[in-house]
Amino acid sequence: AWAVMKFLGEEGYLDLAKRSLEVRERYIKGINAIDGVEVFPSDLCVLTIRPEPGLDLLAIMGGLFQRQSYCLPSFQPPSIKIVLDPVTDEVVDIFVRDLAEVIPLVRTGEITIDAIEPWL
């Protein structure tokens, strides 16, 4: 951490922190616009996405992984975690697009728990 701070300096660190907050807001806005999921409100640097009851968490994860959108599962309660960092807008857009594609497919049964199998 010390070496990174020396390399970035205070201004560089503040720029990255600001960018991380901007990314966070873009994720929240995009994810909350998807029917069937919501971002759990928190000030932490990890976003927690809660699927509506009845949507299979592992099916959602499998559908995301098939699209190369990677995130972390949490099982109690069922949720998806995204660790925030100052990524490009394209990364945010791709993840939100993929999640918006996957949720209805899980709801209709076109994506099932079997989708996660290659990653287990």
Side-chain angles (χ1 to χ4, degrees):
W2 178 84
V4 170
M5 288 302 296
K6 289 305 254 182
F7 175 77
L8 293 174
E10 184 176 346
E11 185 175 323
Y13 177 81
L14 291 173
D15 286 343
L16 286 177
K18 179 181 179 220
R19 178 65 187 146
S20 293
L21 292 173
E22 290 168 353
V23 164
R24 179 181 188 280
E25 290 308 309
R26 291 199 62 225
Y27 271 123
I28 290 171
K29 183 178 178 184
I31 293 166
N32 282 340
I34 300 169
D35 184 37
V37 292
E38 68 176 342
V39 176
F40 182 78
S42 171
D43 291 333
L44 301 176
C45 65
V46 175
L47 284 183
T48 302
I49 304 164
R50 297 184 296 192
E52 70 184 24
L55 286 178
D56 188 307
L57 174 67
L58 293 178
I60 295 168
M61 298 292 295
L64 288 170
F65 288 2
Q66 287 174 337
R67 290 159 177 76
Q68 298 181 348
S69 280
Y70 300 105
C71 47
L72 305 167
S74 181
F75 299 101
Q76 286 298 332
S79 57
I80 297 167
K81 308 245 187 236
I82 301 174
V83 178
L84 295 173
D85 55 26
V87 296
T88 63
D89 291 339
E90 181 181 72
V91 171
V92 177
D93 294 340
I94 290 169
F95 182 85
V96 170
R97 178 202 67 205
D98 291 347
L99 185 61
E101 281 179 18
V102 166
I103 294 299
L105 296 174
V106 170
R107 187 176 279 125
T108 62
E110 293 175 62
I111 296 177
T112 67
I113 194 171
D114 295 336
I116 195 73
E117 187 175 340
W119 290 273
L120 295 178

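A quick note: this is a predicted structure, and the numbers were derived from the prediction, not measured.
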Please report the interatomic distance CD1(I60) to CG(D98), rounded to the nearest 0.5 Å. 13.0 Å
Looking at T108 and L105, would you say the former's side chain and the latter's main chain have a donor-acceptor pair under 3.5 Å? yes
So do W119 and Q66 actually touch side chain to side chain, heavy atoms under 4.5 Å? yes
Here the gap from I80 atom CD1 to L99 atom CG, rounded to the nearest 0.5 Å, amounts to 6.0 Å
Measure across L57 and P73 and return the closest heavy-atom pair with its distance rounded to 0.1 Å. CD2-CB, 4.3 Å
Minimal non-hydrogen separation, I116 against M61, with atom names: CD1-CB, 3.7 Å
Value rounded to 0.5 Å, distance of CD in E38 from CG in N32: 6.5 Å
Short N-O contact, D56 and R107, less than 4.0 angstrom: no
Could you walk me through whether V46 and I82 satisfy the side chain to side chain contact (heavy atoms under 4.5 Å, CB included) test, starting with their C-alpha distance in whole Å, then the side-chain angles of each, then the deciding distance to 0.1 Å, before giving a yes or no? CA-CA 6 Å; V46 175; I82 301 174; over 6 Å; no
C71 side chain reached by L64 side chain, heavy atoms, under 4.5 Å: yes
Cluster check L16, W2: I/L/V/M/F/W/Y, side chain < 4.5 angstrom: no
Decide yes or no for I94 and R97: does some side-chain heavy atom of the first lie under 4.5 Å from some side-chain heavy atom of the second? yes
Do L72 and L47 share a hydrophobic cluster, counting only Ile, Leu, Val, Met, Phe, Trp and Tyr and linking them when any side-chain heavy atoms are less than 4.5 Å apart? no
Determine whether D85 and V23 make a side-chain contact, defined as any pair of heavy atoms from C-beta on separated by less than 4.5 Å. no
Tightest non-hydrogen contact, residues P118 and A115, listed as CD-O, 3.4 Å
Do R26 and E22 meet the salt-bridge criterion of a basic N to acidic O distance under 4.0 Å? no
V96 vs I34, test: side chain to side chain contact (heavy atoms under 4.5 Å, CB included). Steps then yes/no. CA-CA 8 Å; V96 170; I34 300 169; 4.2 Å; yes
Honestly curious: do F40 and L21 fall in one hydrophobic cluster under the side-chain, below-4.5 Å linking rule? no
Stepwise, does the side chain to side chain contact (heavy atoms under 4.5 Å, CB included) test hold for I31 with F95? CA-CA 9 Å; I31 293 166; F95 182 85; 4.2 Å; yes
For Y13, is the OH atom crowded, meaning more than 12 foreign heavy atoms sit under 6.0 Å from it? no
Nearest heavy atoms of P51 and S79, plus distance in Å: CD-CA, 4.1 Å
Just checking F75: does its CZ atom have more than 12 heavy atoms from other residues, nucleotides or ligands closer to it than 6.0 angstrom? yes
State yes or no: do Y70 and L58 share one hydrophobic cluster built from I, L, V, M, F, W and Y residues joined by side-chain heavy-atom distances below 4.5 Å, directly or via other members? yes
Would you confirm whether S20, through its side chain, and K18, through its main-chain N or O, come within 3.5 Å as a donor-acceptor pair? no
Test side chain to side chain contact (heavy atoms under 4.5 Å, CB included) on L84 and Y27; report intermediate values, then the result. CA-CA 9 Å; L84 295 173; Y27 271 123; 3.8 Å; yes
If you round to the nearest 0.5 Å, how far is CD1 of I28 from CD of E25? 4.5 Å
